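Below, read A as the first sequence line, B as the second, and so on, with proteins coming before strands; counting in each chain starts at 1. Predicted model, so just to flag it, every value in this text is computed and none were measured.
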Number of protein chains: 4
Amino acid sequence: MEKSKKRPSKLETPDREKEKISANREKILTTALTLFTSRGFFGTPTSLISKEAGVSTGTLFFYFKTKEELIDTLYRRIKEEAAKEMCRGIDKQKTTEAKIRRLGTNMVEWGIRNHAKLKFMEQFAHSPFVSTSAHEEGMSHFFFLGDLVKDGIREGAIRNIDPSLLFHMMAPALSGLVVQASEIENPAEREKIVQDGLDFIWNAMKA
Amino acid sequence: MEKSKKRPSKLETPDREKEKISANREKILTTALTLFTSRGFFGTPTSLISKEAGVSTGTLFFYFKTKEELIDTLYRRIKEEAAKEMCRGIDKQKTTEAKIRRLGTNMVEWGIRNHAKLKFMEQFAHSPFVSTSAHEEGMSHFFFLGDLVKDGIREGAIRNIDPSLLFHMMAPALSGLVVQASEIENPAEREKIVQDGLDFIWNAMKA
Amino acid sequence: MEKSKKRPSKLETPDREKEKISANREKILTTALTLFTSRGFFGTPTSLISKEAGVSTGTLFFYFKTKEELIDTLYRRIKEEAAKEMCRGIDKQKTTEAKIRRLGTNMVEWGIRNHAKLKFMEQFAHSPFVSTSAHEEGMSHFFFLGDLVKDGIREGAIRNIDPSLLFHMMAPALSGLVVQASEIENPAEREKIVQDGLDFIWNAMKA
Amino acid sequence: MEKSKKRPSKLETPDREKEKISANREKILTTALTLFTSRGFFGTPTSLISKEAGVSTGTLFFYFKTKEELIDTLYRRIKEEAAKEMCRGIDKQKTTEAKIRRLGTNMVEWGIRNHAKLKFMEQFAHSPFVSTSAHEEGMSHFFFLGDLVKDGIREGAIRNIDPSLLFHMMAPALSGLVVQASEIENPAEREKIVQDGLDFIWNAMKA
DNA sequence: TATGAATGAGGCTTCATTCAT
DNA sequence: GATGAATGAAGCCTCATTCAT
């Protein structure tokens with residue numbers, strides 16, 4: 001209704017204002033991540049988040065207008081980070097198979113280093129607590145996957161089936177692999193699992 | 001005044017009376033199923049369930065001691081039904097591949113006829129709202145799958161990888177297929193999708 | 001969104017269901033009346049109302065969906081009662097002057113017997129806390145006043161000025177009289193004030 | 001660093017410094033006036049006032065220790081202004097009637113030019129949000145009215161009734177007139193209404 | 001003077017659950 | 001079996017006010 005007259009930002013603050021940085025804001029996000037994954041969205045009162053984060057209720061609602069906005073922010077961030085991590089080094093791979101395998105490895109490695117984030121994504125991937133717009137934004141980061149698949153089909157490396165179907169079967173399978181792999185401590189064993197899993201996926205889709 | 005006229009216990013339903021039958025009870029379960037899938041567990045107050053079911057709050061809590069017990073009952077029922085449906089006619093199939101394919105077709109057909117139940121399973125498969133015991137009981141109905149896989153590996157029909165990993169990649173992939181297929185109206189198109197999906201899965205696991 | 005399927009009311013309950021009678025409901029209304037007049041709308045937390053009424057928070061919100069609905073109900077009731085009281089015996093008066101005087105006397109007497117209600121009306125007559133619809137309903141009970149004035153003008157008993165203007169000057173003047181009169185204990189003195197006040201009003205409007 | 005350069009105290013504003021002058025302070029007062037009249041006291045958070053005034057929360061509380069002090073200041077100012085306006089040119093009128101009529105005209109004209117202030121006075125005239133002391137100070141500006149009435153009675157121009165009663169009936173009637181008149185755009189029509197209204201009032205009180 | 005992040009008490013409302021009828 | 005009024009803990013969020021910069 002009323003537009004905030006956005007005072008001209010001082011020179012010191014460059015214009016990437018979208019994501020203000022603030023120690024408290026970050027503490028809240030980190031704490032919320034942990035709590036949401038371990039207790040669920042409704043199982044985590046905002047009062048608990050602020051207490052655990054060491055700030056007051058007021059502070060939480062100063063940074064996030066609603067509880068939903070908090071989870072949305074978290075969701076967007078993590079999806080973006082995951083997507084970025086996923087495609088790391090993919091363009092250096094020559095074959096489609098190599099790309100797919102690299103992508104899987106990336107995901108597994110990220111999942112192991114970021115257990116909480118992985119669980120968060122698993123839990124809220126289809127959750128109604130996350131706004132549609134956040135879901136869409138989150139999804140958008142993975143569009144490159146669709147392209148990769150289409151290219152693979154065109155080149156004859158991937159079986160010619162509906163890319164959407166392929167995506168909706170491959171993604172949860174990969175997800176399952178990451179979860180299984182990330183639960184294994186021993187690096188050698190884990191490597192074995194990951195390779196088996198990637199075989200599974202690649203066999204499923206290869207032409 | 002006369003208490004418990006010792007109801008004639010039919011042979012099929014011995015008196016472990018876990019599942020009392022009553023019109024109101026059923027109405028509550030049916031209503032809850034729809035509401036839970038469309039609004040989520042916390043988004044569905046018990047008062048709404050009872051109102052929509054046309055009974056009083058008291059009645060709901062007469063049949064189910066807590067809200068959790070209601071969702072547990074629902075979960076157990078549906079998992080059991082899904083498992084029963086899944087293995088229908090499997091023993092008549094000769095090869096492992098045929099069995100796997102039959103199983104997939106069963107699931108898809110059931111998913112189409114029982115959209116609400118499918119969504120319910122998707123939503124609450126990993127949900128903390130469902131008690132651990134219900135989750136375990138639900139899972140137990142699918143043990144036969146593990147056996148099927150192990151047999152397949154022993155026979156050399158299925159690739160020799162950790163059955164648990166295989167299960168945790170195959171199950172969500174199948175799930176994805178059912179969801180995708182059940183969203184397609186045209187039977188011919190759907191059949192195509194299903195076959196492609198089953199190819200995907202079988203290629204993934206075959207030796 | 002969803003219409004309550006209004007079960008067929010049992011024979012014992014005649015169909016004037018609009019205003020359910022319930023000891024608790026009445027206690028809440030009475031308590032709220034007192035508190036609102038002495039502390040204002042925002043100065044009176046719902047928790048205080050329920051505490052003073054001797055019921056739980058839940059009970060208050062069982063009978064009134066929101067705090068606003070509570071004040072609305074109160075407002076409608078009191079306006080209706082006041083209007084009913086105001087026109088008591090007016091049709092028995094022959095002249096317009098007699099009618100106006102009778103009406104004034106009625107108001108004063110009612111105001112003295114119902115001090116809290118009088119203050120409530122004074123305070124919330126133009127208040128934004130009361131919904132527009134309640135304001136309109138409340139006003140509607142006083143339409144007969146407009147008719148009375150118009151009749152008076154037609155008959156030549158009242159000066160020919162815009163009835164709306166007349167109403168908006170007479171009403172608050174009468175209101176002022178009631179308040180002033182109701183603060184006087186001694187009946188004789190009070191009677192004097194009332195007569196002076198009515199003279200004031202009648203002289204103002206008479207042709 | 002140099003503190004209080006001992007501002008040159010103009011003769012008109014001796015240093016009782018009750019009313020500091022500052023652009024920001026004035027902006028806050030103006031904004032608050034508008035917001036309070038359109039949204040009420042409790043409906044207007046201090047944060048909204050400061051935002052709309054284009055200053056920070058801190059600044060608002062620098063000039064006004066509390067929210068109540070803000071409304072008090074506003075109330076005192078407006079009452080004083082209204083009273084000053086009301087008696088403009090009254091001493092030049094010879095008869096009591098002329099004085100009363102002049103006073104009414106003054107009020108109406110001021111009310112039209114200062115709609116927000118008029119509404120503010122209407123709304124907070126009996127409000128508990130305004131401190132008693134502010135109410136008393138505000139009232140004191142209108143004492144001259146009491147004197148005018150008493151004089152009128154002594155001279156036989158005004159009917160001999162309790163001046164307090166008269167005041168409490170006349171004031172709201174006049175108030176009603178101002179509101180009604182100020183809602184009319186057309187100057188000629190308005191003039192008509194004002195004259196009718198003043199007739200109403202004068203007839204009410206004349207001997 | 002001016003800023004705006006930080007505070008925390010307190011307000012309104014929801015909802016699972018009980019129990020007398 | 002069935003009803004629905006009653007309960008009260010707990011949740012989300014607002015907002016006046018402070019204070020370090």
From [options], nucleotide with atom closest to [X] side chain:
X	options	value
A:T57	E:dA9, E:dA5, E:dA2	E:dA9
D:V55	E:dA6, E:dT3, F:dT7	E:dT3
C:T66	E:dT3, E:dT17, E:dT13	E:dT13
B:K67	E:dT14, E:dT7, E:dT17	E:dT17
C:S47	E:dA6, F:dA6, E:dG11	E:dG11
D:F61	E:dA6, F:dA16, F:dT7	F:dA16
A:S56	F:dA2, E:dC12, E:dT7	E:dT7

Which nucleotide, if any, forms a Watson-Crick or G-U wobble pair with [N], using both distances under 3.5 Å?
N	value
E:dT21	F:dA2
F:dT7	E:dA16
F:dC13	E:dG10

query = Between C:N24 and B:L60, which has a closest nucleotide on DNA chain F that is more 5'?
reply =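 First, find each residue's nearest nucleotide; the 5'-ward one identifies B:L60.
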key: Earlier contact from the 5' end, DNA chain F, for D:G58 and A:F41   =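 Of the two residues, A:F41 wins.
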Could you state the [atom1]-[atom2] distance from [X] to [N], rounded to the nearest angstrom?
X	N	atom1	atom2	answer
C:E68	E:dG11	CD	P	18 Å
D:I28	F:dT17	CD1	P	14 Å
D:F64	F:dA16	CZ	C1'	15 Å
D:R39	F:dT14	CZ	C1'	13 Å
A:L35	F:dC12	CG	P	12 Å
C:E69	E:dC12	CD	P	15 Å
D:F62	F:dT21	CZ	C1'	15 Å
C:K51	F:dA9	NZ	P	13 Å

message = Ring centroids only, cut at 6.0 angstrom: are A:F41 and B:F42 within range, meaning strictly under it?
response =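 No, the ring of A:F41 stays outside the 6.0 Å limit from the ring of B:F42, centre to centre.
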task = Rounded to the nearest 0.5 Å, what's the gap from CD1 on B:I49 to CG on B:L35? Could you check?
result =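 Between B:I49 CD1 and B:L35 CG, I get 6.0 Å after rounding to 0.5 Å.
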request  = Calculate, to the nearest 0.5 Å, the distance between atoms CG and CG belonging to A:N24 and A:L29 respectively.
outcome  =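 Answer for the CG-CG pair, A:N24 versus A:L29, is 11.0 Å.
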query = Ignoring hydrogens and geometry, is there a side-chain-to-backbone donor-acceptor pair from B:K67 to B:T44 under 3.5 Å?
reply =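 Answer holds: yes.
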ask   = Taking NZ, NE, NH1 and NH2 as the nitrogens, is one of them in B:E52 or B:R39 under 4.0 Å from a carboxylate oxygen of the other?
value =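 Looking at B:R39 together with B:E52, the answer is no, because their closest N to O distance does not fall below 4.0 Å.
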task = Could you tell me whether D:E69 and D:R76 make a salt bridge, using a distance below 4.0 angstrom between a side-chain N and a carboxylate O?
result = no
ask   = Does OP1 or OP2 of E:dT7 have a side-chain N or O of A:T59 closer than 4.0 Å?
value =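 Affirmative; the distance criterion is met.
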query = Using the P atom in both, what is the distance from F:dT21 to E:dT1, to the nearest Å?
reply = 22 Å
